[in-house]
Amino acid sequence: HYEVSLITKKELMFLLLLSGVSILVPLPLATFQCALLGLQRYVVVNANGIVFTIVKNVAIIGAVVYGGGLVSLIVVTCVCNIMEYVVYMVIYFGNYGYVEKRYYRHSREKSRPLVRYGLKSLGNQIVGRLNLDSDPLIIGHFLGAGWVVFYSIPSRLISYITQLFWSFT
């Protein structure tokens, strides 16, 4: 049995700040993960991902068991995500030591199709997430949080099986 406490306005602002940091900091650092994947260092990237998944899950369990609440869960998630990408950066610089700068001329004509495709892809990703996550929110709102589990577990199981099938095609 775990107790859930309400958060104050100060804690809410802190959570919003952490959410922004957890998005903005890993974004440029993800370049190093992509560079390692481009250099076909899949084993290194997978091993780092596995280690940080285990570390993050153990830290989340510790935060829940010791009653840290929502703030501690978000702090743990934010710090672990940032540290994972920092490790990618350290691995990259440790093996290659530099980032080569190349300058290209920007062409609006060539970038328009890329921007159109990117916006369509972003729209598809947003709709996909809404498709997966909207049902539990609606059920929780109308029937209460206790009913979400009875719906979401079978729904996610079917979703995982479908995604597994599509990954092989």
Side-chain angles (χ1 to χ4, degrees), residues 1-99 101 115 118-119 121-141 144-146 148-149 151-153 155-157 159-160 163-164 167:
H1 177 267
Y2 300 105
E3 250 182 68
V4 178
S5 61
L6 296 175
I7 60 174
T8 65
K9 187 175 181 179
K10 185 187 250 185
E11 289 173 328
L12 178 64
M13 295 305 290
F14 181 68
L15 291 178
L16 290 174
L17 175 70
L18 276 179
S19 299
V21 167
S22 70
I23 293 170
L24 292 176
V25 173
L27 193 60
L29 292 177
T31 306
F32 298 104
Q33 178 189 17
C34 293
L36 290 170
L37 288 171
L39 295 168
Q40 299 180 356
R41 304 294 184 237
Y42 304 116
V43 174
V44 173
V45 172
N46 287 338
N48 191 41
I50 290 168
V51 167
F52 272 97
T53 299
I54 293 169
V55 167
K56 182 167 60 172
N57 288 334
V58 168
I60 286 173
I61 290 170
V64 168
V65 168
Y66 292 111
L70 183 62
V71 175
S72 66
L73 291 177
I74 292 178
V75 168
V76 164
T77 303
C78 180
V79 168
C80 286
N81 288 344
I82 290 171
M83 289 306 300
E84 180 178 2
Y85 289 109
V86 167
V87 169
Y88 287 129
M89 182 182 70
V90 169
I91 292 169
Y92 181 84
F93 282 126
N95 289 326
Y96 304 103
Y98 65 95
V99 175
K101 293 182 183 180
V115 170
L119 290 175
S121 180
L122 175 66
N124 283 335
Q125 291 291 325
I126 290 171
V127 168
R129 292 307 304 171
L130 287 174
N131 185 21
L132 284 176
D133 295 333
S134 62
D135 295 344
L137 291 174
I138 293 169
I139 290 170
H141 178 72
V148 173
V149 175
Y151 171 78
S152 65
I153 290 175
S155 174
R156 292 291 176 154
L157 199 58
S159 173
Y160 292 146
Q163 288 174 359
L164 181 67
S167 67

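- At least one side-chain heavy atom of Ile82 sits under 4.5 Å from a side-chain heavy atom of Val21.
- With a 6.0 Å radius and a threshold of 12 heavy atoms from other residues, nucleotides or ligands, Tyr42 has its OH atom above the threshold.
- By the 4.5 Å heavy-atom criterion applied to side chains, Glu84 and Tyr88 are counted as neighbours.
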| request: Using the side-chain contact (heavy atoms from CB on, under 4.5 Å) rule, take Leu39 and Tyr92 through it: C-alpha gap first, then chi angles, then the decisive distance, then the call. | output: CA-CA 10 Å; Leu39 295 168; Tyr92 181 84; 4.0 Å; yes

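- Contact check for Tyr85 versus Val25: no side-chain heavy atoms found under the 4.5 Å cut-off.
- With rounding to the nearest 0.5 Å, the separation of CG in Leu36 from OG1 in Thr31 is 11.0 Å.
- One finds the CG atom of Leu18 at 10.0 Å from the OG1 atom of Thr77 (value rounded to the nearest 0.5 Å).
- The SG atom of Cys80 sits 9.0 Å away from atom CG of Asn57, with the distance rounded to the nearest 0.5 Å.
- Taking CD1 of Ile91 as the start and CZ of Arg41 as the end, the distance is 11.5 Å to the nearest 0.5 Å.
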